Number of protein chains: 2
Amino acid sequence: MQQLLKRLKDIHHISEETQEHLLAAFTQVVLPKNEYLIEEGRTCRHLYFLEQGCLRGFYNLDGKEITHWFGFENDFVTSFHSFITQTPAVENIQLMEGSVLWSISKETLTKLLDEHQEVERLLRIAYEKYYIRLEGRFVNSQFRTATERYEQLLQENSQIVERVPLGYIASYLGISQETLSRVRSRL
Amino acid sequence: MQQLLKRLKDIHHISEETQEHLLAAFTQVVLPKNEYLIEEGRTCRHLYFLEQGCLRGFYNLDGKEITHWFGFENDFVTSFHSFITQTPAVENIQLMEGSVLWSISKETLTKLLDEHQEVERLLRIAYEKYYIRLEGRFVNSQFRTATERYEQLLQENSQIVERVPLGYIASYLGISQETLSRVRSRL
DNA sequence: TTCCATTTTTGACAACAGTCAAAAATCTGC
DNA sequence: GCAGATTTTTGACTGTTGTCAAAAATGGAA
């Protein structure tokens with residue numbers, strides 16, 4: 001739980017009192033490999049902090065599974081669209097390893113936001129960070145070739161390459177598994 | 001200015017008092033076609049509300065201009081990365097039509113955030129909306145063909161097609177101008 | 001209206017990436 | 001350690017898109 005607290009404090013300063021309330025709001029969840037955290041069609045009522053393990057978000061397109069993001073240690077994960085709008089998720093989130101997570105419900109978070117101005121600010125800053133991170137990924141994905149994207153992944157996110165099956169990485173990069181295999185053998 | 005107020009109120013309820021402070025914080029800016037709002041390498045110190053007109057964000061990649069987003073009436077625009085982190089912008093923002101904007105500086109916004117909890121919440125909710133909008137665009141851009149992306153643009157954002165030169169749209173969709181021209185002639 | 005600059009279209013060709021299919025390698029549970 | 005399932009690689013072929021170059025169309029200013 002110290003990990004979660006550290007991550008929160010890295011985003012924005014939190015008073016002792018708010019720290020206590022925040023930590024009390026999270027519940028530990030331990031799940032085995034391949035389990036689903038969120039399933040398509042169901043509304044996502046929790047936000048999770050991933051303490052240990054890794055997972056992927058994917059959706060179905062023309063019968064194929066498209067993995068569009070990965071989560072690792074110290075990430076906050078959920079289907080953001082579903083969690084924010086409280087509408088059914090279009091994606092699935094599945095554990096790629098047995099994982100330890102900390103969960104907070106939408107209601108509890110809303111309550112904290114009302115009661116602690118610091119939490120409101122913390123969340124605003126967290127969204128800022130997440131926004132510009134997504135923007136960076138978007139720009140890179142659209143305007144670089146498959147090989148360039150893989151090379152960049154190797155440099156900036158080598159743990160993905162080490163911990164994730166090639167097929168998932170291929171769809172994450174927006175290319176076929178065969179092409180990725182060839183790109184890799186060329187390097 | 002009523003347009004700006006309406007847009008803010010659509011995001012989240014604002015008290016009369018906060019409304020006054022908010023509106024007083026914005027300054028009108030009128031700029032002609034082709035003018036730059038933000039230039040690559042300079043740090044962006046303002047957030048803008050676009051009341052009338054349209055503009056594009058683009059950056060240079062291997063000597064080519066890549067337009068990666070457009071702004072139209074009622075959009076909040078800036079180089080978010082530069083504005084949030086206060087580091088030099090990697091992108092340019094250029095007016096595609098003569099435009100009327102309302103500008104707020106980073107310092108003024110920071111002050112408002114400190115003094116009005118409502119503004120903090122409004123901004124948090126705005127980021128939520130912008131985040132899930134970007135997420136949707138990301139998913140579509142990476143996993144659909146050029147033709148599909150253009151068809152979707154026609155359906156969901158026909159004003160882009162009507163108001164923006166084809167060359168800008170092509171790079172927005174991540175394809176060459178020639179390919180877009182052929183896609184269009186086939187429809 | 002006319003001229004010039006800009007934007008869009010068309011053609012020919014090359015390169016990159018996708019698909020289908022099968023073989024090879026790797027991982028898992030017993 | 002073995003058998004079966006899963007994952008990765010390889011091969012042959014196809015199709016889409018990019019590039020370069022030139023022609024056609026469009027738009028704006030005088």
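The chains referred to below are lettered A, B, ... by the order of the sequence lines, with proteins before strands, and numbering in each begins at 1. Every value quoted in this text rests on a predicted model; they were computed, and no experiment measured them.
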Of the candidate nucleotides [options], which contains the atom at the shortest distance from the side chain of [X]?
X      : options               : answer
A:L166 : D:dT8, C:dT10, C:dA21 : D:dT8
A:P165 : D:dT10, D:dT7, D:dA21 : D:dT7
B:Q177 : D:dT10, D:dT9, C:dT9  : C:dT9

**Report entry** salt_bridge(B:R121, A:D114) N-O dist < 4.0 Å
**Finding:** yes

Rounded to the Å, how far apart are [X] [atom1] and [N] [atom2]?
X      : N      : atom1 : atom2 : answer
B:I169 : C:dT8  : CD1   : P     : 8 Å
A:E178 : D:dT9  : CD    : C1'   : 9 Å
B:R184 : D:dA25 : CZ    : C1'   : 12 Å
A:M96  : C:dT28 : CE    : P     : 14 Å
A:R149 : C:dC16 : CZ    : C1'   : 12 Å
B:L180 : C:dT10 : CG    : C1'   : 14 Å
B:K64  : D:dC20 : NZ    : C1'   : 11 Å
B:N34  : D:dG28 : CG    : P     : 11 Å

Query raised in the report: A:V183 or B:S181: which one's nearest nucleotide on DNA chain C is closer to the 5' end?
Result: B:S181

Query raised in the report: With distance as the sole criterion, is a donor-acceptor pair present between the side chains of B:E120 and A:Q117 under 3.5 Å?
Result: no

**Report entry** Step-by-step salt bridge (Lys or Arg N to Asp or Glu O under 4.0 Å) determination, A:E128 to A:R124
**Finding:** CA-CA 6 Å; A:E128 285 184 346; A:R124 189 257 301 169; 3.1 Å; yes

Does the side chain of [X] get closer than 4.0 angstrom to OP1 or OP2 of [N] through an N or O atom?
X      : N      : result
A:R182 : C:dA17 : no
B:T179 : D:dG18 : yes
A:S176 : C:dA17 : no

Query - Sugar-phosphate only, base, or nothing, as touched by B:I175 at under 4.0 Å among non-hydrogen atoms - result: sugar-phosphate

Query raised in the report: Looking only at heavy atoms, which two atoms of B:R133 and B:D75 are closest? And how far apart?
Result: NH1-OD1, 4.0 Å

Requested in this report: Please lay out, stage by stage, how A:H21 and A:E115 fare under the test side-chain hydrogen bond (donor to acceptor under 3.5 Å, both in side chains).
Outcome: CA-CA 10 Å; A:H21 286 199; A:E115 289 167 1; 4.9 Å; no

Report summary line: Between B:K33 and B:R186, the residue closer to the 5' end of DNA chain D by nearest nucleotide is B:R186

